[in-house]
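See below for the structure under consideration.
This is a predicted model, so every value here is computed, not measured.
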Amino acid sequence: MPRDQLFKEDSDWWHNARLSFGGKGWDSYAAGYKEAADSLARRFIKKWQGNDMLTYPMVFLYRHYLELRLKQVIILGQQLLDEPIAIQQEVLENHRLKDLWRHCRNILAMLAEKGFW
C-alpha cells in the first residue's frame, strides 16, 4: 500500500529490534552484518547450487561489517588519543575502505607511539 511505512514507532514497542543488547555503540550493528554474512557463507558451504545470486549480497555484508569496524577503531582511537572529534563526521560519511584504512592505520600508529601496546 502506498501509505504503509516499513519502519515506524508503534504501541507494541516490545516487537522492535533492540540493537543495544550485547554491546555498546556499533557493536551489535556491525555484528549483525557479520552474522548475516556468516549465515550465507554456511549456506554456500552446505549447498553450492543456486548460490551465485547470493554472492554479491554476502560480500556486501562482509564489506559493510569491515567498514563499521574500521570506523569504530577510528572513533575509539581518537578518544584514547584525546584527538579532536572533527574528523568523526568525515569518517562517518565515508564508505571507501581504502580511506578508512588509512585513517585507521594512522590512529593505530599513534596509539603504538603512546605505548598502548
Whether K71 side chain and N94 backbone form a donor-acceptor pair below 3.5 Å: yes
From L40 atom CG to F60 atom CZ, the distance as rounded to the nearest 0.5 Å: 12.5 Å
Listed partners of N106 passing side chain to side chain donor-acceptor pair (under 3.5 Å), at least two apart: none
Partners passing ring-ring contact (aromatic ring centres under 6.0 Å, His included) against Y33 (at least two apart in sequence or in another chain): Y29, H64
I74 with L97, same ILVMFWY side-chain cluster at under 4.5 Å: yes
K98 NZ to H103 NE2 distance, which is reported to the nearest 0.5 Å: 13.0 Å
Euclidean distance, L111 CG relative to L81 CG, rounded to 0.5 Å: 4.0 Å
Carboxylate-amine/guanidinium proximity below 4.0 Å for R69 and D27: yes
Distance-minimising heavy-atom pair for W117 and A112: NE1-CB, 3.8 Å
Any residue meeting side chain to side chain donor-acceptor pair (under 3.5 Å) with R63, in chain and number order, not counting sequence neighbours: E67
Pairwise distance NZ(K34) to OG(S39) - rounded to 0.5 angstrom: 11.5 Å
Within one Ile-Leu-Val-Met-Phe-Trp-Tyr cluster: Y65 and L54, side-chain cutoff 4.5 Å: yes
From NE2 (H95) to CG (L68), nearest 0.5 Å: 9.5 Å
Check: L108 and F116 side chains under 4.5 Å, non-hydrogen atoms: no
Hydrophobic cluster identity match, M58 and M53, side-chain contacts under 4.5 Å: yes
Any side-chain heavy-atom pair of R96 and L100 under 4.5 Å: no
D99 side, atom CG; C104 side, atom SG - distance, nearest 0.5 Å: 12.5 Å
